[in-house]
Amino acid sequence: MVSCVNAASKAALARLGTVYISNNRSIFANLAFEQWALQYHDLENNGDALIVWSNDPTVVVGRHQNAWLEANVPFLDQNGITLARRFSGGGTVYHDYGNLNISLLTTHKNHCRPRNLRKFAEALNRHFGVNIVPNERDDMILQPGDRKISGTAARISRGRAYHHFTLLVDADLPFLKKTLKSPWVEKIQTNATRSVPAKAVGCLAQEVVGVSVEEVQNVVLDAFRSSCVKSAVIQAEDQSGIAGELAKNEAELRSWDWIFGHSPKFTVMLKDGRSAHVEKGVIRAVDGEISGDIVGSRYDYKLFM
């Protein structure tokens, strides 16, 4: 971790850069674009890329997590909140219009999460007069109070990597907490990756009255562009010739098989006291029996609460 922070050189700072600003409010569209960038953005000729967006209220689970265990699925349904699964690992997060999503794309060799967080924390601290400190988990912590305002995840593929993270600007924190409080914590047994609860959760608005996502976004863009000799700012929606690839990515992200079915195998206690074993979202056995009334069907919380 420390080695990659110290590896920054003048050569690494004097490169081209591309900023993609998305005005799309769909988490599926934005994650689809991010995946396209990971695969096809021209790092050699257009430099590292920064992607920023905010989206409709959404809970996003990590690639290797159990969706029913990490999110309060009934509460999301009742309040019209989207549930999504991203392509990267890490823990579950809540997004809405008061949150800025930031994604940094570079080569695997130049990928360094601590360095990224330090740069943006320093920029935010200078501009707003706050005290944001990255920690060993690659979260950003607002002091005083050890309040987590940003969580990190990353993906590495074929010599390329992105580091993406949330930044809570202005959030309804009690509401956020409800979206992440699963009613099945005591009923599900699994080896899936579990989110690590923060000591406290906060947002910039607690320290900076009237702060806006737009102002924070401008600070982030300036920090990124300041490390580039030359940079371009592009509206993500204006990219031509990529609609087919985006549609393919988005279709996968929206599918039940990805959002729920990709949850690692687990065992859940049903309301009638029976124990169901679930793989790829499908009930494979009940109380150890591989035949029965619900074996072979998709696990649906509405039927089994």
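Atoms considered below: every heavy atom in the structure, side chains included; atoms not considered: hydrogens, waters and symmetry mates.
- Looking only at side-chain heavy atoms (C-beta outward), L83 and V61 come within less than 4.5 Å of each other.
- Side-chain contact annotation: Q235 with N23, donor-acceptor N/O pair under 3.5 Å present.
- Each of F28, F87, W53, Y20 was compared with F33 under the ring pair (Phe, Tyr, Trp, His ring centres under 6.0 Å) criterion, and only Y20 meets it.
- The residues D293 and R274 are annotated as salt-bridged, a charged nitrogen and a carboxylate oxygen being separated by less than 4.0 angstrom.
- Between F266 and W68, the ring planes are tilted. Angles from 30° to 60° get that label.
- In the model, N30 has a side-chain atom that pairs as donor or acceptor with a side-chain atom of S22 under 3.5 Å.
- By the 30° and 60° cut-offs, the orientation of the rings of F165 relative to F120 is tilted.
- With a 6.0 Å radius and a threshold of 12 heavy atoms from other residues, nucleotides or ligands, N191 has its CG atom at or below the threshold.
- Closest approach of L105 to L43, counting heavy atoms only: O-CD2, 3.9 Å.
- Here E34 does not pair with R155 in a salt bridge; the nearest charged N to carboxylate O distance is not below 4.0 Å.
- Residues N55 and Y97 have side chains that never bring a donor and an acceptor to within less than 3.5 angstrom of each other.
- Taking the side chain as every heavy atom from C-beta outward, H41 and R160 approach each other to under 4.5 Å.
- Taking hydrophobic clusters as Ile, Leu, Val, Met, Phe, Trp and Tyr residues chained together by side-chain heavy-atom distances below 4.5 Å, Y40 does not share a cluster with I156.
- Residues D257 and R298 are paired through a salt bridge, judged by an N-O separation under 4.0 Å between the basic side chain and the carboxylate.
- Of all the heavy atoms in A71 and V59, the pair that sits closest is CB-CG1, 3.9 Å.
- Classified by interplanar angle (parallel below 30°, tilted 30° to 60°, perpendicular above 60°), the ring pair H111/H163 is perpendicular.
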